[in-house]
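Let me begin by presenting the structure, written as structure tokens, before commenting on it.
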Amino acid sequence: AAPEVLIAGCGTGLQAVTSAQAYSNCKILAIDLSAASLAYAQRQANKFGLSNIELAQADLLKLGEIGRQFDLIEAGGVLHHLAEPFAGWKKLLPMLRPGGLMKVALYSEIARRDVAAAREFAAAGNYQPDLEGIRLCRQAILRLPEEAAARSVLRSADFYSTSGFRDLVLHGREHRMSLPQIAEFLAENGLEFIGLETSNDVRDAFARRFPDPAARKDLAAWHQFEIENPETFLTMYVLWLQKVVA
């Protein structure tokens, strides 16, 4: 009842607004480094009449200084852009109450191999993340031969918008991870894997490959499934976790 929710890296507020509508009687603290993004997020919260969202400009790496704990922490678009994602993730753990839940989204090393190739191509060409650089880089990728790995980003809707392309190919920092790496971090930091948010099609395919219901909570099984189906997490891993009660 009335959960306290932290959204780390809320951007322009979509996640905060969605969560405020999803969790009954919740109180949300949504933080971001960008004052401009927070201003837009506040306008959206006002637009939807949401008074249960508190927005604050803050550095995730220093957030523990506020001395608060939460029932649910969501980190959907920030950890993979930090210099050290696992170090940033650890900063959030003391703020999660025992038994509390955590929703974390991370880029997949396997699924984003073609994105990595496009990013390497852009870096080699020294394309800049401004309008001109985005246009030039996009045109250069379109001219690549059909078999070029970097050209596979044409399948992404983000390729065709300025902000989407910047985040996909020209973002200054991106880290990708594997499920075994994530499993190791969870084991070392007292977090239990509950499940992955996926589509119905993926869930059905996984159940056919691993009929035992217990496999749904086994990251090793999900890793094997991803190896066999490398585009499963083309968008992101979205993991639900729980803080183990000592």
Side-chain angles (χ1 to χ4, degrees), residues 1-107 129 158 163-164 166-168 170-177 182 185-186 189-191 194 196-197 235-243:
E4 293 186 73
V5 181
L6 169 65
I7 297 179
C10 67
T12 52
L14 177 61
Q15 190 176 358
V17 168
T18 302
S19 297
Q21 295 172 328
Y23 307 130
S24 179
N25 301 316
C26 66
K27 294 180 181 179
I28 291 177
L29 172 62
I31 65 108
D32 201 90
L33 271 177
S34 168
S37 293
L38 290 166
Y40 186 86
Q42 186 64 67
R43 290 199 297 274
Q44 295 305 303
N46 294 343
K47 173 183 175 181
F48 289 98
L50 298 170
S51 59
N52 57 336
I53 300 175
E54 175 189 358
L55 294 156
Q57 187 176 21
D59 182 348
L60 181 154
L61 298 177
K62 299 179 181 177
L63 198 56
E65 296 172 8
I66 67 173
R68 290 174 60 180
Q69 285 194 312
F70 299 86
D71 302 295
L72 168 64
I73 296 177
E74 297 189 355
V78 63
L79 294 178
H80 46 263
H81 291 315
L82 296 177
E84 297 182 35
F86 286 120
W89 193 351
K90 288 184 75 168
K91 291 287 186 180
L92 295 173
L93 299 184
M95 304 182 71
L96 185 63
R97 292 191 174 111
L101 300 175
M102 182 171 276
K103 179 183 178 181
V104 175
L106 299 164
Y107 286 144
D158 286 340
S163 60
R166 182 187 294 114
D167 193 56
L168 183 72
L170 294 177
H171 196 286
R173 182 187 292 135
E174 173 181 307
H175 292 279
R176 298 169 298 276
M177 302 177 188
I182 293 169
F185 177 86
L186 302 186
N189 290 279
L191 291 171
I194 295 175
L196 281 155
E197 283 192 10
T235 307
M236 299 179 107
Y237 299 125
V238 180
L239 304 109
W240 279 89
L241 315 161
Q242 186 167 29
K243 190 172 185 177

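Note that these values count all heavy atoms, side chains included, but never hydrogens, waters or copies made by symmetry. Numbers for residues simply follow the sequence, beginning at 1.
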Rounded to the nearest 0.5 Å, how far apart are [atom1] of [X] and [atom2] of [Y]?
X    : Y   : atom1 : atom2 : result
Q57  : D32 : CD    : CG    : 8.5 Å
W89  : L60 : CH2   : CG    : 12.5 Å
L101 : E74 : CG    : CD    : 10.0 Å
K91  : L61 : NZ    : CG    : 6.5 Å
L50  : Q42 : CG    : CD    : 10.0 Å

**Asked** Sub-3.5 Å donor-acceptor pair from the side chain of E4 to the main-chain atoms of D71, do we have one?
**Response**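 Here the side-chain-to-backbone pair does not exist.
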**Prompt:** Is the side chain of H81 donor-acceptor paired with the backbone N or O of E174 at a distance under 3.5 Å, no angle test?
**Reply:**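 Pair absent, no side-chain N/O of H81 close to backbone of E174.
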**Request:** Determine, stepwise, if the pair F185 / L191 fulfils side chain to side chain contact (heavy atoms under 4.5 Å, CB included).
**Result:** CA-CA 8 Å; F185 177 86; L191 291 171; 4.2 Å; yes
If we only count heavy atoms from C-beta on, is the [X] to [Y] side-chain gap below 4.5 Å?
X    : Y    : answer
L33  : L38  : no
E197 : W240 : yes
F70  : V5   : no

**Prompt:** Relative to the ring of H80, is the ring of Y107 parallel (under 30°), tilted (30 to 60°) or perpendicular (over 60°)?
**Reply:**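 Aromatic pair Y107/H80 classed tilted.
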**Request:** Taking only Lys NZ, Arg NE, NH1 and NH2, and the carboxylate oxygens of Asp or Glu, determine whether R68 and E54 approach each other closer than 4.0 Å.
**Result:**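 Yes, charged N to carboxylate O under 4.0 Å.
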